[in-house]
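Following: one structure in structure tokens, then a few remarks.
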Amino acid sequence: MKPNLAPMRRIKLSDQIAEDLCRRIARDRLLPGDRLPNERALMQHYSCAKGTIREALKALEVQGLVTMQSGPNGGAEIRPISIEAAAQQLRRFFHFQELDFAHVYALRRSLEVALSINVIGRLKPHDFQRLEANIAECEAANASGQRRIGRLIEVDFHDMLCDASDNPLLVFMCRFLNSLLRDLVEFRSESLVEHEAFGSHNVASHRALVTALRAEDADAVSREMHKHMCCAEHFMRRLDAKFREDLLSSATPDRI
């Protein structure tokens with residue numbers, strides 16, 4: 001009996017060309033502002049029609065790798081891919097997953113400690129000014145009862161630490177988790193008492209972190225960030241559980 005083999009998917013020529021152009025960009029170390037060869041040169045190189053080349057370039061444009069310039073000297077220009085654009089693609093994947101705060105903090109507990117240690121000695125006076133201004137903004141939001149805004153501002157504090165890091169992979173992972181937190185906060189209730197205690201904790205933790213970072217005390221920085229992440233996870237998971245409870249209790253019979 002012959003084994004049941006899955007049919008092989010035929011890859012479109014334009015997709016093959018797009019993938020080859022991606023490799024070429026990496027191999028030739030092309031930088032933002034550099035140009036790919038024009039359409040005619042690409043048609044000759046790949047021995048294909050103009051429509052196929054345009055389809056391949058359109059795929060690269062959709063991915064954010066190039067931008068198409070018009071005019072006689074136009075063509076595909078390499079563009080930088082922002083962290084936000086790359087993270088947005090990953091976030092779309094997680095829209096179809098059952099994601100909660102526990103999943104985020106399982107990674108965030110260790111990554112934020114690594115980030116805080118990485119930026120010791122890299123923070124400049126203007127960086128500390130930004131961090132302290134952020135703390136003051138958090139206090140103002142908490143005092144005025146703007147709980148959701150306060151939570152989002154607090155996440156910005158951690159993005160500011162990313163700005164001082166020299167580890168692009170660590171920065172991407174931390175910023176991506178921060179973007180997930182912002183998404184999750186958007187769906188959480190505004191009326192929870194826990195928010196007030198959470199806001200007070202975050203302000204105190206961020207102040208302690210700034211003090212330890214100014215002193216360039218690695219042990220204190222690690223200790224404060226780890227404690228901050230554990231407490232933040234505790235609060236977030238309580239808010240998450242409360243949110244689910246409120247959601248279920250408010251459901252009407254025809255919605256269940």
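None of these values were measured; they are calculated from a predicted model.
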Straight-line distance of Phe172 CZ to Ser179 OG, nearest 0.5 Å:
8.0 Å
Working to the nearest 0.5 angstrom, can you tell me the gap between Leu36 CG and Leu65 CG?
9.5 Å
Just by distance, do the side chain of Ser222 and the backbone of Ala218 share a donor-acceptor pair under 3.5 Å?
no
Would you tell me whether Asp159 and Asn178 have side-chain atoms, one donor and one acceptor, within less than 3.5 Å of each other?
yes
Are the side chain of Asp28 and the backbone of Leu30 linked by a donor-acceptor contact shorter than 3.5 Å?
no
Using side-chain heavy atoms (C-beta onward) and a distance below 4.5 Å, is Met225 in contact with Met229?
yes
Atom of Arg109, atom of Ala106 and distance for their closest heavy-atom approach
NH2-CA, 3.8 Å
Minimum heavy-atom separation for Arg35 and Gly75, please, with both atom names.
NH1-N, 4.1 Å
Does the side chain of Glu112 pick up a donor-acceptor pair with the side chain of His158 at under 3.5 Å?
yes
Would you say that Leu21 contacts Tyr46 through its side chain, given a criterion of any heavy-atom pair below 4.5 Å between the two side chains?
yes
Please report the C-alpha distance between Asp156 and Arg182 in whole Å, then the side-chain angles of each, then the deciding distance to 0.1 Å, and finally whether the salt bridge (Lys or Arg N to Asp or Glu O under 4.0 Å) criterion is met.
CA-CA 10 Å; Asp156 291 342; Arg182 290 187 180 91; 2.8 Å; yes
Verify salt bridge (Lys or Arg N to Asp or Glu O under 4.0 Å) between Lys124 and Asp127, making sure each step is shown before the conclusion.
CA-CA 5 Å; Lys124 307 302 181 187; Asp127 295 317; over 6 Å; no
Tell me yes or no: between the side chains of Arg207 and Asn202, is some donor less than 3.5 Å from an acceptor?
no
Are Val119 and Val221 close enough that some pair of their side-chain heavy atoms sits under 4.5 Å apart?
no
Show the nearest heavy-atom pair for residues Asp34 and Leu31, with the distance to one decimal.
OD2-N, 2.7 Å
Rounded to the nearest 0.5 Å, what separation is found between the CD atom of Glu224 and the NE2 atom of His228?
10.0 Å
Rounded to the nearest 0.5 angstrom, the CD1-NZ distance for Ile53 and Lys58 is 15.5 Å
Within 6.0 angstrom of His226 NE2, more than 12 heavy atoms from elsewhere
no
So how far is it from Met68 CE to Glu61 CD, rounded to the nearest 0.5 Å?
6.5 Å
Which distance, rounded to the nearest 0.5 Å, do you find between the CZ of Arg23 and the CG of Asp20?
5.0 Å
I want to check something: taking the side chain as every heavy atom from C-beta on, are Asn142 and Arg151 in contact at a cut-off of under 4.5 Å?
yes
Closest approach of Tyr105 to Ala232 (non-hydrogen atoms, all atoms of both residues):
OH-CB, 3.6 Å
Heavy-atom side-chain proximity of Leu42 to Leu57 below 4.5 angstrom
yes
Do Asn118 and Arg122 come close enough that some side-chain heavy atom pair is under 4.5 Å?
yes
I'd like to know if the side chain of Ser116 and the backbone of Val113 have a donor-acceptor N/O pair within less than 3.5 Å.
yes
Mind running salt bridge (Lys or Arg N to Asp or Glu O under 4.0 Å) on Lys12 and Glu55 for me, showing each step along the way?
CA-CA 10 Å; Lys12 291 169 51 179; Glu55 191 174 349; 2.4 Å; yes
Check for a donor-acceptor pair, side chain of Thr52 on one end and backbone N or O of Cys48 on the other, with a separation under 3.5 Å.
no
Can you find a heavy atom in the side chain of Arg175 that is under 4.5 Å from one in the side chain of Asp163?
yes
Evaluate the side-chain proximity of Leu170 to Leu111: yes if any heavy-atom separation is below 4.5 Å, no if none is.
yes
Mark yes when over 12 heavy atoms from residues, nucleotides or ligands other than Arg27 sit less than 6.0 Å from its CZ; otherwise mark no.
yes
